[in-house]
Amino acid sequence: MKTSLALRTLLAALGMVATSVTAPAPAFAQPRTVKIAVIAKSEANFVFLAARRGAEDKAAALSRQHGATIQVSWLTPAKEDVAQQAERIRQAVRERADAILLAASDGPALVDAVNAAVEQGVEVMTFDSDVPNSKRFAFYGADDADLGEKVARDLLTLLAGKGEVAILAGNAAANNLRARSDAVRRTLARSPEVEVLGVVNHPETPQEAAAEMIKFDAAHPRLAGWALVGGWPLFRSSQSPALTSEIQKRGLKIVAVDALPEQLVYVERGLVPILWAQPVYDWGAVGVSTIVDKVLLKKTVPSSIHMELIRVTKDTLRPYAQRLHTWGFSVPQEYLAP
């Protein structure tokens with residue numbers, strides 16, 4: 001009896017030792033690679049190059065923070081083309097991206113492509129221009145109706161509440177630009193002495209946007225002002241001298257969306273007294289950060305993330321230029337001086 005008990009005790013002890021020797025060591029988390037494809041509307045639109053910079057900077061910072069490899073693949077078409085965007089979404093899936101960060105040229109036209117990507121395990125987040133009714137998990141951008149109303153209210157003030165105006169509206173198929181343009185029209189319609197002569201759509205390049213403004217001006221000699229729901233014509237192009245001359249000669253009142261370094265000269269010279277800046281660098285930075293939260297850290301993220309806008313005038317030009325500088329932009333030194 002005693003021997004049996006001793007034997008059992010010995011065997012139990014040996015079993016414990018064996019278990020402790022043969023139990024697998026705890027597995028440490030292996031470094032993870034997160035591949036993010038960024039598909040903006042067009043490389044020809046400089047605001048999206050700022051978004052690319054923001055995405056790449058944030059990916060580098062988060063890679064260091066989390067001990068992971070976060071890669072950004074730039075798959076934006078050279079020129080705006082929704083069919084090209086759909087193909088780039090399919091390319092991202094083929095290249096085994098973990099997520100796509102997308103600014104849609106035409107939201108309804110991209111629903112199927114977005115849904116197909118999600119169904120194949122690729123998370124999709126949108127920025128600037130959404131893809132409503134799709135399986136994308138989040139959208140980051142401005143409240144476009146509010147932005148359009150801000151532009152219109154400032155234009156009414158510059159016009160002292162009267163005059164003939166036009167709206168420069170970019171791509172007619174873009175949800176965000178339509179929402180801005182519609183809000184501008186609604187707000188201007190409240191003033192009985194303001195007449196909107198037209199909404200001018202155009203390819204979103206500096207040269208073509210400026211050319212359309214100049215052409216519309218020529219056809220409407222009493223035109224007093226413009227609401228620009230994007231800042232396309234204020235980037236340098238072959239049309240810049242003619243546009244600058246036109247604004248000065250006609251005394252046009254202009255309020256525009258976006259404020260990158262090349263556009264600030266219009267504020268400094270009083271040609272475009274008010275710019276409504278979107279922190280376009282944050283399109284990429286917030287987009288990548290949100291994707292990393294969801295894909296790598298498995299956090300719950302909000303489906304809508306609001307972008308705060310920045311009103312840029314002569315009085316706020318230098319603080320805003322300093323902000324651009326911290327984002328990595330080359331800004332004229334005179335704008336950075338205290």
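We're numbering straight along the sequence, starting at 1.
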**Item:** Any side-chain heavy-atom pair of Met213 and Leu243 under 4.5 Å
**Value:** yes
**Prompt:** Which side chain to side chain donor-acceptor pair (under 3.5 Å) pairs, counting each pair once, include a residue from residues 292-312, with sequence neighbours left out?
**Reply:** Asp154-Arg311
**Prompt:** Are the side chains of Trp276 and Leu147 in touch, meaning some heavy atoms are under 4.5 Å apart?
**Reply:** yes
**Prompt:** Taking atom OH of Tyr266 and atom CD1 of Ile254, what is their separation to the nearest 0.5 Å?
**Reply:** 8.5 Å
**Prompt:** Counting N and O atoms only, with roles assigned by atom type, does the side chain of Ser63 sit under 3.5 Å from a partner on the main chain of Ile70, one being a donor and the other an acceptor?
**Reply:** yes
**Request:** Could you please spell out the steps behind the side-chain hydrogen bond (donor to acceptor under 3.5 Å, both in side chains) verdict for Ser238 and Gln207?
**Result:** CA-CA 6 Å; Ser238 62; Gln207 181 168 330; 3.1 Å; yes
**Asked** Is the backbone N or O of Ala116 less than 3.5 Å from a side-chain atom of Gln120, with the two atoms forming a donor-acceptor pair by type?
**Response** yes
**Request:** Would you check if there is a donor-acceptor pair between the side chains of Thr205 and Glu208 at a distance under 3.5 Å?
**Result:** yes
**Request:** Name all pairs fulfilling the salt bridge (charged side-chain N to carboxylate O under 4.0 Å, His left out) condition that reach into residues 261-288, sequence neighbours left out, sorted by first residue then second.
**Result:** Arg236-Glu262
**Prompt:** For the hydrophobic clusters of this structure (ILVMFWY residues joined by side-chain heavy atoms under 4.5 Å, transitively), does one cluster hold both Leu271 and Leu223?
**Reply:** yes
**Prompt:** With no hydrogens and no angle check, do the side chains of Gln91 and Glu87 hold a donor and an acceptor under 3.5 Å apart?
**Reply:** no
**Message:** With side-chain hydrogen bond (donor to acceptor under 3.5 Å, both in side chains) as the criterion, how do Glu56 and Trp74 come out once you've worked through the C-alpha distance, each side chain's angles and the decisive distance to 0.1 Å?
**Reply:** CA-CA 9 Å; Glu56 291 173 345; Trp74 181 248; over 6 Å; no
**Least distance between heavy atoms, Ile291 atom then Ala99 atom** = CG2-CB, 3.5 Å
**Message:** Using 0.5 Å steps for rounding, measure from the CD1 atom of Ile89 to the CD atom of Gln84.
**Reply:** 11.5 Å
**Heavy atoms from other residues, nucleotides or ligands near CZ of Arg222 exceed 12 (cutoff 6.0 Å)** = no
**Asked** Is any side-chain heavy atom of Gln278 closer than 4.5 Å to a side-chain heavy atom of Met307?
**Response** yes
**Request:** Indicate yes or no: at least one non-hydrogen side-chain atom of Asp98 is less than 4.5 angstrom from one of Arg32.
**Result:** yes
**Item:** Val255 and Leu275, any side-chain heavy atoms less than 4.5 Å apart
**Value:** no
**Which residues share a side-chain contact (heavy atoms from CB on, under 4.5 Å) with Pro273, sequence neighbours left out** = Leu158
Return a table of donor-acceptor pairs under 3.5 angstrom between the side chains of residues 101-108 and protein atoms on other chains or two or more places apart.
unit_1: Ser105; atom_1: OG; unit_2: Glu80; atom_2: OE2; d: 2.9
unit_1: Ser105; atom_1: OG; unit_2: Gln85; atom_2: OE1; d: 3.3
unit_1: Asp106; atom_1: OD1; unit_2: Ala109; atom_2: N; d: 3.4

**Request:** Please check if the distance between the ring centroids of Trp232 and Phe46 is under 6.0 Å.
**Result:** no
**Asked** For residues 318-331, which residue pairs qualify under side chain to side chain donor-acceptor pair (under 3.5 Å), counting only residues two or more places apart or in two chains?
**Response** none
**Fill in**
When rounded to the nearest 0.5 Å, the distance separating OG1 of Thr187 from CZ of Arg185 is 11.5 Å
**Request:** Calculate, to the nearest 0.5 Å, the distance between atoms NE2 and CG belonging to His220 and Leu197 respectively.
**Result:** 5.0 Å
**Prompt:** Are the side chains of Lys41 and Thr76 in touch, meaning some heavy atoms are under 4.5 Å apart?
**Reply:** no
**Item:** Distance-only donor-acceptor check, side chains Asn176 and Asp130, under 3.5 Å
**Value:** no
**Message:** Going by the rule side chain to side chain donor-acceptor pair (under 3.5 Å), which residues pair with Arg186 if we only count those two or more places apart in sequence or in a different chain?
**Reply:** none
**Message:** Check whether Asn115 reaches the backbone of Lys135 with its side chain - one donor and one acceptor, N or O, closer than 3.5 Å.
**Reply:** yes
**Prompt:** Are Phe127 and Ile36 connected in the hydrophobic side-chain network, where two residues link if heavy atoms are under 4.5 Å apart?
**Reply:** yes
**Message:** When you group the ILVMFWY residues by side-chain heavy-atom contacts below 4.5 Å and let the links chain together, are Val124 and Phe137 in the same group?
**Reply:** no
**Message:** Pairing donors with acceptors under 3.5 angstrom, does anything connect the side chains of Tyr140 and Asp128?
**Reply:** no
**Request:** Taking the side chain as every heavy atom from C-beta outward, state whether Lys79 and Asn45 have any pair of such atoms under 4.5 Å apart.
**Result:** no
**Prompt:** What orientation do Phe48 and Trp283 show, parallel under 30°, tilted 30 to 60°, or perpendicular over 60°?
**Reply:** parallel
**Prompt:** Can you check whether Val280 reaches Asp258 side chain to side chain, under 4.5 Å on heavy atoms?
**Reply:** yes
**Asked** Measuring from Leu188:CG to Glu149:CD, what's the distance to the nearest 0.5 Å?
**Response** 10.5 Å
**Request:** Determine whether more than 12 heavy atoms belonging to other residues, nucleotides or ligands lie under 6.0 Å from atom CG of Asp146.
**Result:** yes
